[in-house]
Every structure is written in structure tokens, then in C-alpha cells.
Amino acid sequence: MSDKIFIFDTTLRDGEQVPGCQLDTTEKVVIAKELELLGVDVIEAGFPISSPEDFKSVVEISKAVNDPIVCALTRAVMSDIDCAVESLKYAKRKRIHTGIGASDFHIKHKFNSTREQIIERGVAAVKYAKKFVEDIEFYAEDAGRADNVFLAQMVEAMIAAGATVINIPDTTGYCLPQAYGEKIKYLMDHVSNIDRAILSCHCHNDLGMATANTIAGIQNGARQVEVTINGIGERAGNTSLEEVAMILKTHQSLPFHTNINTRKIHYMSTLVSKMMRMPIQPNKAIVGRNAFAHSSGIHQDGVLKNRDNYEIIAPEDVGVNESSIVLTARSGKAALNFHLNRLGYKIDKENLEATYERFLKMADEQKDISDEDLILLMEGKRPESNIEISHVQVVCGQPLQPVSTVELMVNGEARRESATGNGPINATLRAIDKIMDAKIILEEFLVQSMGGSRETGKVHLRIKYAGQTYQGFGVEEDIVMASVHAYVNALNKIMAFKTSKAPEQRIAV
Ligand code: KIV
Ligand code: ZN
């Protein structure tokens, strides 16, 4: 039987400390319930003394979940502990997470103290918390940069005082994987009462090594990992839950398992990203949009022959329906033929050559090629001409509600509408929706500043109309106009698509 690795999720505490990611209690409860279904062992629900809202969140999460341990963070301060005890009143299983700095940097420059006094304060906090709650976790902050000999003394004293879990945070993300692993091994070998507690890895990603450090920690004796969904957290973030769970699942040579239902990972990642308004970088391991997308001709050909050629994780294992063969100007004929077949077009070798030439021209112009683009390619239609922008005027600024007036030429006929919105782009797209009089769902909207001396903006968006997805792209000096161009680009595809004759076997996406 392989060893169990306990998953301590801190999305709602360390993750939520990210500027702009704050959630209210209701939102935190939604995420906590999903974390329970995902199978995490511990939910760090907040730092109750930090604000009344954080206190309330710990109370409500305690009421809402049954299986996971609910954990509340404190400093080694008695009033923090009192507050945490109160907030955990309704938890079926509870833990207090208290601690203090362990590195000489923190001891001198944060606490203006000595190693001896710091151990005394830590012991007093653990003993005090233990009066109220059985399960006590102690964090040795900045353990990554702490002297191992002192750290071992500190850990031994905290276990003797009653701590059952000892967190060894690489607070600044400084450690190299080998050094972090050796630190854990040193503690396993030199702390006389280590059999009465488990060691926990809490790694930050400042040098991009949080996951590698966490795995090194496990390999050297740690049995709990502190992680967040999508790796969100202070600065460059924390170790990501999905990476650790999938490393342990993928590497059969590692004799460890978790309780995570990996098939829920994609859903969970999307939920957290949306609720925290924190987009996921497209190439993020496991959960990025491109994690299972193959775009170069050589890889596509290899995946089509046998997906094991380029995939080490089955997309279904993390809840993604299937890997995608993305069509770009770097794609080969095998990928084009695969998609044409999937859409119901059967073409011979000669026709494929000619179609491929036209495809390359289109891909060079459009960057991404979607199913509707392919259908237009096969029907010989170009989407540009149906809708043209003739006039856009936006009025916004405090305390005005943004209002936008748009005039489009739709099949040669001028149509004008105005709308208000919660921002200038929103008002403008709503005015366009009124003109088109259609139920259009904006599924994704990405705006990027291209920097430089001119304020150029690039907009990629995805809309859904009548069950079909369309992508649009626009570049303009003004991001409102870039958005209009991207939206109209996608609408033109709908117009062209509606009039094209797709083959009967076509599969809708
Ligand atoms: O990174 C860190 O040291 C922490 C502790 C408060 C556990 O988040
Ligand atoms: Zn942290």
C-alpha cells in the first residue's frame, strides 16, 4: 500500500491574499463545498483575526463542510488563537494553524528577538491552542532560509508542546529542490519525537520551484502538502494542487497517493479562476487552455498516430473532454485532414493539397482557425463583407454611466443603436447586440496591451450563438475599438456560417 499524502488546501487563505482576488463569504462557501467534493483533507478557511469578514467565512465554511478538517490561521498571539477557536465553533473537525518566524532574518528583523525567545513564544502559543483544539499545526515561517540545527530544536519543542503537524514553509520561494528535500530529511533524522507529528510542505513559487520543492519534501518524509488551486497565492503563488496531484498519479515510481478526485480538477480550476477574477496562463501545467492542445505539424501527426507519443496525461483524468489538435499556420496536412473528416468532409489527396494551400493563407491572416472557419474555407466564402463598422461613440467617466452609440452597415443597410453598460466596452458590445437583435453569449474576452509608445490593444474573444462557438480578433490603438473589431469579426463569421452549406455529418462544437 502506498503512503497517503494529505492535501491541505489554502486557496481560501494564502490564495485569497492575492490583490484583486478577495471573495466574500458566500463565494468562499461555494468554493469550500467544491473542495470537499474534490477530496481535499484540510481546508484552510481563513485568518479570522484579520477581519470580521474573514472570521465570518471561517464560521460559515465550518457549518458548510463535513469531511475535511477546517483550519484557521493565527499568529503566536493569544488573542488570535481565541478568535480562531471562536470561529471554528461549528466545525465538525477543526485545526488551529499557529506559528512564528524561524529564520534569523525574521527573528532579528521582524520580531527583534532571539532564537530562545522565539521558541518560548511558539511553545506558549501551541500549549494555549491545545487547551481548546486537539489538532494543532505549527508553522515555522521562513523555514526555507532557517538554520537546520535551530529548526530541528524548534520543531522538537513544538511537538513536545502538543503540535501534531509541523509546517516547514519556504515562505520566500528561495530553496532549491535538493536543499528543501534535505531540510525535510534532516528534520526526519534529527527530531527525536518526529514520530508524533507529520511534516508539511508549504512552498512559494518565487523562482518557479514550488512544485519541485514540494515533491522533494514528500520524497524525503513529508506527508502533508499545502497547495492552492491554479497555484494562486502571494507574489508568484503557492504550489499548485493540480500539479502535485497529477505528478503523484502519473509517476507510478512514486509510492504515494492522494484522496483527490482528479476528474474534478478542470472544473475546480475554472471555478476558482472565474470567482477570483484571476485568468489562467494558457500554458499553465494541467489546467492551462493549451495544456492538451497540439499545434505544430510534427506533434499533431504524432498524436494522431498514437496520443501517447506526446501526451503523458489522459485529458479525461483531469476532466477535460479530449485533447485538441489546434489549427494554426504551423499545422500540417494530417491535422487539417483530421478536422475536415471530423466535420464530415471527405477529400482525396489532390484536393487536400489545394485545400491546404488555401488553409495556410487563411491561417496566416487569422492566427487561430476554428470549425466555422474551416466550413467557410470549404464553402469558399470569406466572412469580411457582411458587417462593417461605420460609427462608434462612447461617453464615460465618473460619475457617468458609460453609454455607447454604434452604427454598423449590415448587408449594406445602416443600423444604429445606443446602450449603457458597466464599462465602455460592455456598453458598446450591448449596443451591437441590440443592432444584431440576436442572443449572443460572450464566453471569453481577453485584452492585452501591446505596450510601446502607442497604446495598442489586442482583443481575443469567443462568443456563442445558436450552440456554435465563434472566435474574433481585433487590434487597435483604442481597446474599445479593438473590442468592436474583434466582436464584429466573430459576428461576420456567424453571418457567413449561417448562409453556408455545411455537410450533413458535421459535428457541432
Ligand atoms: O508562507 C508562509 O510562511 C505562510 C505561513 C503563514 C504558513 O503562509
Ligand atoms: Zn504561504
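One is the number of the first residue; the rest follow in order along the sequence. Whatever order the structure lists them in is the order used to number ligands and atoms, beginning at 1.
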For the Zn ion (ligand 2), find the closest N/O/S atom belonging to His202 and write down its atom name. NE2
Short version for His204: what comes under 4.0 Å of ligand 1, heavy atoms counted, is side chain
Carboxylate-amine/guanidinium contact Asp41 Lys4, below 4.0 Å: yes
What atoms of ligand 1 come within less than 4.0 Å of a heavy atom belonging to Asn167? 7 (C)
Contacting atoms of ligand 1, where contact means under 4.0 angstrom from a heavy atom of Glu141: 3 (O)
Within ligand 1, which atoms have a heavy atom of His202 less than 4.0 Å away? 1 (O), 2 (C), 4 (C), 7 (C), 8 (O)
Considering only NZ, NE, NH1 and NH2 on the basic side and carboxylate oxygens on the acidic side, decide whether Arg13 and Asp54 come within less than 4.0 Å. no
Which atom name does Asp14 have for its N/O/S atom nearest to the Zn ion (ligand 2)? OD2
Short N-O contact, Glu242 and Lys249, less than 4.0 angstrom: no
Within 4.0 Å of some non-hydrogen atom of Thr171, the atoms of ligand 1 are 1 (O), 2 (C), 3 (O)
Closer than 4.0 angstrom, basic N to acidic O: yes or no for Arg307 and Glu316? yes
Hey, is Arg115 close enough to Asp147 for a salt bridge, meaning N to O under 4.0 Å? yes
Got a salt bridge between Lys185 and Glu182, using NZ or NE/NH1/NH2 to carboxylate O under 4.0 Å? no
For ligand 1, note which part of Arg13 has a heavy atom under 4.0 Å away: side chain, backbone, both or neither. side chain
